[in-house]
Amino acid sequence: MIEEFFEKEKRSINTKEINVDFLVAGGGMAGVCAAISAARLGVKVALVQDRPVLGGNASSEIRLWTLGATSHMGNNNRWAREGGVLNEILVENTYRNKEGNPVIFEMVLLDKVLSEKNISLFLNTIITDIEKKDSKKISSIFAYNPQNETKYKFTAKYFCDSTGDGLLAYLAGATYRIGAEEREEFDEKFAPDKVKYGEKLGHTIFFYSKDAGKPVKYVAPKFAMSMEEVEQQINRIQNPNYFMPKQTGCKYWWIEYGGRLDTVRDTEEIKYKLLEVLYGIWNYVKNSGKYPEAENYTLEWAGTVPGKRESRRFVGYYMLSQKDIIEQRPHYDAVAFGGWSLDLHPADGVFSKIKNACNQWHSKGIYPIPYRCYITPDLDNVFLAGRIISATHVAFASSRVMATSAAGGEAVGTAAAYCLINKCTPSELMEESKMIEYQKLLIKNGVYLPQTDVEISSNLLQEAEISVSSELLLNEIPFDGEWRSLSQSTAQMLPLKKGKVPEITVKLRTSEPTTQRVELRISSKFFNHTPDVTLEAIDLDLNSGEHTRTLSFKAEIPQTCYAFICFMKNEKTDIFTSNTLISGILSVFNKVVPAVSNWGRQEPPYDIGVETFEFWCPERRPKGQNIAMKINTGLSCFSKENLKISDYRPIEKPNAWVADLNDKAPTVTLSWKEKKEINGLTIFTDTDYDHPMESVQWGHYDDKMPFCVDSVEVISEGEVIRSVGNNYETRIFVSFENKIMTNTLQLKLKNSLDKVPVSVMGIQVY
Ligand SMILES: Cc1cc2nc3c(=O)[nH]c(=O)nc-3n(C[C@H](O)[C@H](O)[C@H](O)COP(=O)(O)OP(=O)(O)OC[C@H]3O[C@@H](n4cnc5c(N)ncnc54)[C@H](O)[C@@H]3O)c2cc1C
């Protein structure tokens, strides 16, 4: 028993001092990825999160799906899921939780963080203040955890501000902005009309509804908006594009409020207003008589923490702006990428009378984000991550989403580790030679840096002679599918080399005589996947019935890139498809994806600085079959040389070694002239970077990606030295307890599906 006797003086709160190398403030997706990436490079990290769970807006408290450049697969950004730690989290979540349960996603995050011995996690610990060492440096931060009645003082060499509102950088005195820039400042033609449209995005609270299987009564709280107010003020509720009682969670992104208020200091006020709206809407649904289908529905969950979109943005060494995104400008210091649309919302949110609750304009591909957006000249030991990075209001409209934020988090965590290991400052890291070394670290961990030609050097594979059991020569996408109507324009993406286009033979079926147009298209930028340049069109005159037709294009391919063989919309024609899946080979459709304002073609109003182009997007599995075709002389783009490329994803070609479809024992053999000391190797599998892997609610067809290597046996000098089975991850780590000396390593690989040839995106040997 403990008995403490009466104290005349007040008792004092328990206090603890904690010293680490790197303190990450805020455990949203950006903070989690910053902490994990630094910890893995040997840095002692404290991750401090005010709420009981990780994930920020992606947590079960708010329930947003983590998204980024893939944009629900609704734009032209192919193979654009972010790499590195975020990819690892999303692949793990899809494996464990393809149904998109937010509670399970949260546990995936917790599991990942708790697995890192270098991370000390402080949940329920709210940062309240900071102390500065000098005008440009934070020395310590103060936090309090009401669960264990403990006050903390954290000291660290470097700090990452991933708090969403930028509390650390704000308290430390860094220059920041709130609201929209003038159009002229960065020549941003999409900058909003500040009065009419407003200059900030508001907060949102979601709800989940559930069919209880029997009628459920609902009595609204007294604070809920009245039915009359809902009817008069919320014009979107009657619009089936926005509102259906069966929809839940993220579909209610438009229940938004607060864009005209102070989105930091008025947050509680905003929250209460959102609760009035949410419960008012549900009351309207249940009790207005307009939604009889909602009779059996009950509220399963309603948020209490508002999801925040916008507040402070800090001014870094570089401010990302509209033109960086639309023109996909290259940067020597690219350390992450984005690809979500420029997505602005009217500041009046749910009360706005403006027709669209959001305005989304896409670019033709992904855009690099420079390191200079993650640091500020005002502070020497603070990194910025998440929605607070140095971007204009318009650019923020894209860079704010969580997968993009997470990619930035990894860039920041890696930068902090680089600075600690190499004893340099975050601003010195902007020097080109250091930048290259830092970028190599990111790439080594599976991060893709667009429009950079940095290659990792410390990879023994580069010195190895590679031999393989077979190489796919793609002279046929097998005719093992079914007929598919060309009721929408359909294209097969084929990686073609510079020069002549191979002859392509397809099977078509027509219900009555017709002329079928086939176009050969490419992208104006060879690394994009927007078919905006038509090289040639062929008109096929077809009688009714089945036809086998060979297409002989005269046009030449100007540079290695994906070509689109586009079979244009024709209700009278069907085309034969294939059920065979091959890494880096996709069919796409000129289709509409309303979730991301894709109406088949982007046609912006006059002079807003965004481009007009068509959307050609894949369908999600189990749909989206390739078009069956014979390819005369075949495509030889799946060679073993691709194993040396460190993009680890298709860009202008598949960048994968792919075995022949009939290869029953796919094997890669690496040999060196002299014996090498080898600690282990990392095999990069194909976990389908084209799949958006929304973290919650959406639900996915497969838990394990069909192209992914399932098992590997590593053989040295005739002996199996390691084997890994049941793999679903992007990276297979094979480490040897004791380093081995050998001049040959053989990898025997298998995947789990018959109709998918084994493929590997790259190998690192160290
Ligand atoms: C309704 C809505 C729809 C959106 N749609 C999408 C979408 O579809 N996909 C997408 O990816 N993004 C979407 N976004 C944008 C996205 O959610 C945010 O921009 C994103 O959360 C930014 O990530 P972050 O890590 O900067 O911030 P957060 O996710 O907010 O994380 C910050 C973390 O810091 C913690 N924190 C704050 N202050 C302190 C403190 N003092 N001490 C300790 N911890 C602290 C918070 O608890 C939080 O966990 C949407 C946003 C909203 C609100």
Side-chain angles (χ1 to χ4, degrees), residues 23-34 46-59 61-72 82 86 90 106 109 122-130 141-145 152 154 160-168 170-171 201-206 249-258 263-264 267 270 274 303 305-313 338 340-341 343 345 349-350 357-358 360 384-389 396-409 412 595-596 692 694-698:
L23 183 132
V24 179
M29 295 308 293
V32 165
C33 291
L47 174 57
V48 185
Q49 156 72 352
D50 59 354
R51 300 207 292 257
V53 289
L54 294 168
N57 278 3
S59 68
E61 296 172 315
I62 296 171
R63 306 196 174 193
L64 262 162
W65 44 49
T66 301
L67 266 181
T70 53
S71 200
H72 287 308
E82 296 68 14
L86 190 266
L90 294 183
E106 205 163 75
L109 292 181
F122 297 86
L123 289 176
N124 295 311
T125 306
I126 179 155
I127 297 167
T128 52
D129 207 354
I130 64 142
I141 68 164
F142 299 94
Y144 179 65
N145 179 340
Y152 293 93
F154 292 94
C160 165
D161 188 340
S162 42
T163 57
D165 287 333
L167 179 71
L168 254 61
Y170 169 75
L171 292 176
L201 282 69
H203 302 352
T204 291
I205 294 185
F206 291 142
C250 304
K251 297 273 165 78
Y252 292 130
W253 57 269
W254 52 271
I255 301 185
E256 176 170 354
Y257 176 69
T263 47
V264 179
T267 283
I270 295 171
L274 282 169
V305 182
K308 289 186 179 184
R309 286 187 179 83
E310 178 167 15
S311 56
R312 304 181 183 108
R313 292 171 286 109
W340 188 256
S341 58
D343 179 4
H345 303 191
V350 70
C358 70
Q360 298 185 323
L384 310 165
R387 60 184 165 87
I388 61 168
I389 67 167
F396 149 91
S398 166
S399 65
R400 67 193 171 92
V401 290
M402 287 181 280
T404 310
S405 294
V412 159
V596 292
E694 289 87 347
S695 51
V696 302
Q697 196 183 335
W698 194 281

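First listed ligand is number 1; within each ligand, the first listed atom is number 1.
Looking from atom 20 (C) of ligand 1 to the surrounding protein, the closest heavy atom is Met402 CG, 3.5 Å. Of the protein's heavy atoms, Gly28 CA, 3.5 Å lies nearest to atom 31 (O) of ligand 1. Atom 5 (N) of ligand 1 has its closest protein heavy atom at Leu64 CD2, 3.3 Å. Closest to atom 35 (C) of ligand 1 among all protein heavy atoms lies Gln49 OE1, 3.2 Å. Here the heavy atom of the protein found nearest to atom 1 (C) of ligand 1 is Arg309 NH2, 2.9 Å. At the shortest separation from atom 22 (C) of ligand 1 among protein heavy atoms lies Arg400 O, 3.6 Å. Summary of contacts: the protein heavy atom closest to atom 23 (O) of ligand 1 is Ser405 OG, 4.0 Å. Looking only at heavy atoms of the protein, atom 34 (O) of ligand 1 is closest to Gly26 CA, 3.2 Å.
The residue among Asn57, Ile389, Leu47, Val48 with a heavy atom at the shortest distance from atom 17 (O) of ligand 1 is Asn57. Checking Asp50, Ile255, Leu168 against atom 36 (N) of ligand 1, the nearest heavy atom belongs to Asp50. Of the candidates Ala30, Gly31, Ser162, the one placing a heavy atom closest to atom 32 (C) of ligand 1 is Ser162.
Expressed to the nearest 0.5 Å, how far CD1 of Ile141 lies from CG of Leu171 amounts to 10.0 Å.
Proximity to Thr204 (heavy-atom distance under 4.0 Å) selects the following atoms of ligand 1: 1 (C). Near Gly386, the atoms of ligand 1 lying under 4.0 angstrom from a non-hydrogen atom of the residue are 26 (O). Every atom of ligand 1 is numbered from 1 in the order shown, and the set under 4.0 Å from a heavy atom of Val401 is 10 (C), 11 (O), 12 (N). Numbered from 1 in the order shown, with element, the atoms of ligand 1 that lie under 4.0 Å from a heavy atom of Gly56 read 29 (O), 31 (O), 48 (C), 49 (O). Short contacts between ligand 1 and Gly307, defined as distances under 4.0 Å to a heavy atom of the residue, involve ligand atoms 53 (C).
At a heavy-atom distance under 4.0 Å, only side-chain atoms of Leu167, from C-beta outward, approach ligand 1. With a 4.0 Å heavy-atom cut-off, ligand 1 is reached by no atom of Thr128. With a heavy-atom cut-off of 4.0 Å, Ile127 touches ligand 1 through backbone and side chain alike. At a heavy-atom distance under 4.0 Å, only backbone atoms of Lys308 (N, CA, C or O) approach ligand 1. When non-hydrogen atoms are compared, ligand 1 lies under 4.0 Å from the backbone of Thr125 (N, CA, C, O) but not from its side chain. Both the backbone and the side chain of Trp65 come within contact range of ligand 1, each with a heavy atom under 4.0 Å. At a heavy-atom cutoff of 4.0 Å, ligand 1 is contacted by no atom of Ser59, backbone or side chain.
Smallest separation of non-hydrogen atoms from Ala30 and Ser405: CB-O, 3.5 Å. Gly258 and Ile270 make their closest contact through CA-CD1, 3.8 Å (heavy atoms, listed as atom of the first residue, atom of the second, distance). In terms of heavy atoms, Ile205 sits closest to Pro306 at CG1-CA, 3.7 Å. For His72 against Pro692, the heavy-atom pair with the smallest separation is C-CG, 3.7 Å. Across all their heavy atoms, Cys358 and His345 have their closest contact at CB-CD2, 3.5 Å. In terms of heavy atoms, Ser59 sits closest to Val53 at CB-CG2, 3.9 Å.
Using a non-hydrogen distance threshold of 4.0 Å, Phe206 registers as a contact of ligand 1.
Applying side chain to side chain contact (heavy atoms under 4.5 Å, CB included) to Asn57 and the options Leu64, Thr66, Thr204 leaves one that passes, Leu64.
Checked by distance only, ligand 1 and Gly164 stay at 3.5 Å or farther apart across all their nitrogen or oxygen atoms. Considering backbone and side-chain N/O atoms, Thr66 never comes within less than 3.5 Å of an N/O atom of ligand 1. For a threshold of 3.5 Å applied to N or O pairs, the pair formed by Trp340 and ligand 1 contains no separation below that value.
Residues Thr163 and Asp165 bring no donor and acceptor atom of their side chains to less than 3.5 Å of each other.
Aromatic ring pairs are classed by plane angle as parallel below 30°, tilted from 30° to 60° and perpendicular above 60°; the pair Phe154 and Tyr152 is parallel.
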* Asked: Going through the distances and angles, do Ser311 and Arg387 end up as a side chain to side chain contact (heavy atoms under 4.5 Å, CB included)?
  -> CA-CA 9 Å; Ser311 56; Arg387 60 184 165 87; 3.2 Å; yes
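A donor-acceptor pair under 3.5 Å is formed between the side chain of Thr263 and the backbone N or O of Glu310.
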